Amino acid sequence: PVEEKTKPVLPDLRINPNPMETVAEISLEGFKQSGLHYILYNSFGQQVCVREVHSNPFIFNRSGLPGGLYVITVIDDNNSILAIKKIMLK
C-alpha cells in the first residue's frame, strides 16, 4: 500500500483590502505567533518600513506613504523569509 503524505500547510499572507487607501487588515495563516516582523519595500526596492508583528491579524496603516506598488515581506527571528506579497496603496 502507498502511504499518503500530508502536505505541510504553507503560510499565507492575506491583505484586505488590496488595493488599500489608509489601512488594511493583514492576516497570517499558518504562521507561528511570535518573533515575526514585516518589511515594506517600495517599487525601487528601497526598504521603507520595518515593524514587529504583535497580533494576528494586524492592522497596517500607510502612515503617509505615497501611493504606488509595494512589497511586504514577513520574516522570522532568524531573518528567514516566510512570505512575500504585493500591496497597492491608492
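As the structure is a prediction and not an experimental result, all values here were calculated from the model.
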Enquirer: Can you list the residues that meet the side chain to side chain contact (heavy atoms under 4.5 Å, CB included) rule with Lys86, with sequence neighbours excluded?
Expert: Leu69, Val71
Enquirer: List for me each residue that meets ring-ring contact (aromatic ring centres under 6.0 Å, His included) alongside Tyr41, sequence neighbours excluded, and say none if there are none.
Expert: none
Enquirer: Given Leu13, which of Val74, Ile84, Leu82 fulfils the side-chain contact (heavy atoms from CB on, under 4.5 Å) condition?
Expert: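 So, applying the side-chain contact (heavy atoms from CB on, under 4.5 Å) to Leu13 and each of Val74, Ile84, Leu82, only Val74 qualifies.
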Enquirer: What residues join Phe44 in its hydrophobic cluster, counting side-chain heavy atom gaps under 4.5 Å, either direct or through other members?
Expert: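 ILVMFWY cluster around Phe44 holds nothing else.
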Enquirer: Answer whether the closest heavy-atom distance between the side chains of Met20 and Met88 falls below 4.5 Å.
Expert: no
Enquirer: Determine whether Leu36 and Asn56 make a side-chain contact, defined as any pair of heavy atoms from C-beta on separated by less than 4.5 Å.
Expert: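 No - every pair of side-chain heavy atoms lies 4.5 Å or more apart.
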Enquirer: Between Ala24 and Pro17, what is the shortest heavy-atom contact and its length?
Expert: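 Result for this residue pair: CB-O, 3.8 Å.
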Enquirer: Taking the side chain as every heavy atom from C-beta outward, state whether Phe60 and Ile15 have any atom pair closer than 4.5 Å.
Expert: no
Enquirer: Any side chain to side chain donor-acceptor pair (under 3.5 Å) involving residues 64-83? Give me the pairs, sequence neighbours left out, ordered by first then second residue.
Expert: none
Enquirer: Who pairs with Arg51 by salt bridge (Lys or Arg N to Asp or Glu O under 4.0 Å), at least two apart in sequence or on another chain?
Expert: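 Checked Arg51 against salt bridge (Lys or Arg N to Asp or Glu O under 4.0 Å); zero matches.
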Enquirer: Just jot down the salt bridge (Lys or Arg N to Asp or Glu O under 4.0 Å) partners of Glu21, sequence neighbours excluded, or say none.
Expert: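 For Glu21 the salt bridge (Lys or Arg N to Asp or Glu O under 4.0 Å) partners, ignoring immediate neighbours, are Lys90.
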Enquirer: Once side-chain hydrogen bond (donor to acceptor under 3.5 Å, both in side chains) is applied, do any residues pair with Asn18, and if so which ones, sequence neighbours excluded?
Expert: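 side-chain hydrogen bond (donor to acceptor under 3.5 Å, both in side chains) check on Asn18 returns nothing, list empty.
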Enquirer: Please give the remaining members of the hydrophobic cluster of Val23, linking ILVMFWY side chains under 4.5 Å, ordered by chain and number.
Expert: Ile59
